[in-house]
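This report refers to the structure that appears directly beneath it.
Below, all heavy atoms of this structure are taken into account, side chains as well, without hydrogens, waters or symmetry copies. Below, read A as the first sequence line, B as the second, and so on, with proteins coming before strands; counting in each chain starts at 1.
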2 protein chains.
Amino acid sequence: MEITKREEEYLETMYILQKNKGVIRVKDISKKLNVRPPSVVDALKKLNEKGLINYEKYDRIILTEKGLEIAKETYQKHVLLMKFFTEILGIPPEIAEEDACQFEHYVHEITAERMKEFAQYIQEHCPYVLKQFLKEHMEKEEAETQKSPPK
Amino acid sequence: MEITKREEEYLETMYILQKNKGVIRVKDISKKLNVRPPSVVDALKKLNEKGLINYEKYDRIILTEKGLEIAKETYQKHVLLMKFFTEILGIPPEIAEEDACQFEHYVHEITAERMKEFAQYIQEHCPYVLKQFLKEHMEKEEAETQKSPPK
DNA sequence: CACCTGAATTAGTTTAACCTAAATAATTTA
DNA sequence: TAAATTATTTAGGTTAAACTAATTCAGGTG
């Protein structure tokens, strides 16, 4: 049975909620994913069908072995992409977050892995060049921020 | 009126077909996007509604000003991402292609731009380190290729 | 313990994107 | 040019993912 990108996103969200709050509630998923509670319930039913979570109505939600595995993989990619975008490219966190949040569902294993290796390699072999690159762009951003009309 | 990721993909495909073949045919879009011709016709109707192409049945398809603009922007991101994945990370073209094909529709302008700048910066300031990084991974891939069962 | 409130759920729709099968138009070829 | 082939289109479905409105449940408080 196929798992969609969106389902992956639901799983990842639940995994993070579990980690941070200890429980997974419909309301919180709803808030995080910016969808209405009934949409969450729909998703939960499907994920349950597919054996990725254990869900019975009004009962607590638990990721299964398989669901947890997918959630973790996705989350790892997310973290890795975030690091790359912010630490190597110097992208502002909010933007990096959005980019990572999409790309994590599409990026091939090899590409993700390579990004991680590349980051390490550069940080080790030419940290100064990297620092310089980031510095130049930080300055540029500062300037942009100044320019923007002060509300 | 909103434009979807998929519509962006259609526009980009048509743009490339126009460039390479001179004409845009349903059959060719169908082949490139791996969908059946009726799906293409559906898409064409919507794009026409939205003023992104000029389309009347059995007539030739033309990108409008607006449609062309979107197509070009998307295509540029595609090219840029491809370059980054292959030339900086050393990802094999077929895989890079698939990654680029998805990410191009989500990546923020600033991230795309920064990837381009980063590539230039590294190629200029530490070409040897880059070459070394790529070399190491090429070798690894060679080895993998050997390992895989020779059909 | 009954009531109230907020959380979760059901029922019924909508939209984007696809599909198959059948019909029609355009193009090529005998 | 008529017939055959190929391309395009229509008609009618399907599925994923969302929505609103209305209902049901659960936990906390008087």
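- Rounded to an integer number of Å, the gap from CD of A/E8 to C1' of D/dA17 is 16 Å.
- With distances taken from any side-chain atom of A/K57 to the nucleotides C/dA17, C/dT10, D/dC19, the minimum falls on C/dT10.
- Taking only side-chain nitrogens and oxygens, A/K5 never comes nearer than 4.0 Å to OP1 or OP2 of D/dA16.
- The A/R6 side chain lies nearest to D/dA18 when the options are C/dA17, D/dA18, C/dC18.
- Classification of the B/F85-A/F103 ring pair by plane angle, with boundaries at 30° and 60°, yields parallel.
- Distance from the side chain of B/V41 is smallest for D/dT9 among the nucleotides C/dA7, D/dA18, D/dT9.
- Going from atom CD1 of A/I61 over to atom P of C/dA8 covers 8 Å, rounded to whole Å.
- For D/dT6, the OP1/OP2 oxygens have no side-chain nitrogen or oxygen of B/K27 closer than 4.0 Å.
- Counting non-hydrogen atoms under 4.0 angstrom, A/T4 reaches the backbone sugars and phosphates but no base.
- Between A/R36 and B/D59, the residue anchored closer to the 5' end of DNA chain D is B/D59, taking for each the nucleotide with the nearest heavy atom.
- A straight line from CD1 of B/I29 to P of C/dC18 spans 12 Å, rounded to a whole angstrom.
- In this entry the distance linking CD of A/E49 with P of D/dT15 reads 14 Å, nearest Å.
- Under 3.5 Å, the side chains of A/H105 and B/Q102 contain no donor-acceptor pair of N or O atoms.
- The side chain of B/Y10 places an N or O atom within less than 4.0 Å of a non-bridging phosphate oxygen (OP1 or OP2) of C/dC18.
- At least one side-chain nitrogen or oxygen of A/Y55 sits closer than 4.0 Å to the OP1 or OP2 atom of C/dT9.
- A salt bridge is absent between A/K72 and A/E12: the closest approach of a Lys/Arg side-chain nitrogen to an acidic carboxylate oxygen does not fall below 4.0 angstrom.
- Picking from C/dT9, C/dT20, C/dA7 the nucleotide with the shortest atom distance to the side chain of B/P38 gives C/dT20.
- Distance from the side chain of B/D42 is smallest for C/dC18 among the nucleotides D/dC19, D/dC25, C/dC18.
- Per the geometry, CZ belonging to B/R60 stands 16 Å off C1' belonging to C/dA26, to the nearest Å.
- The distance between atom CD of A/E56 and atom P of C/dT10, rounded to the nearest whole Å, is 12 Å.
- A/R25 has its CZ atom 20 Å from the P atom of D/dC25, to the nearest Å.
- B/Y58 contributes no side-chain N or O that forms a donor-acceptor pair with the base of D/dT9 under 3.5 Å.
- Listed pair B/S39 / C/dA17 fails the phosphate criterion, with no side-chain N or O lying under 4.0 Å from OP1 or OP2.
- Residue A/K45 places no side-chain N or O under 4.0 Å from the OP1 or OP2 atom of C/dT9.
- There is no side-chain donor-acceptor pair under 3.5 Å between A/H125 and B/Q132.
- Following rounding to the nearest Å, B/E2 (CD) and C/dA16 (C1') show an atom-to-atom distance of 13 Å.
- Between B/L11 and B/I53, some side-chain heavy-atom pair lies under the 4.5 Å cut-off.
- Closest approach of A/A112 to A/V107, counting heavy atoms only: N-CG2, 3.8 Å.
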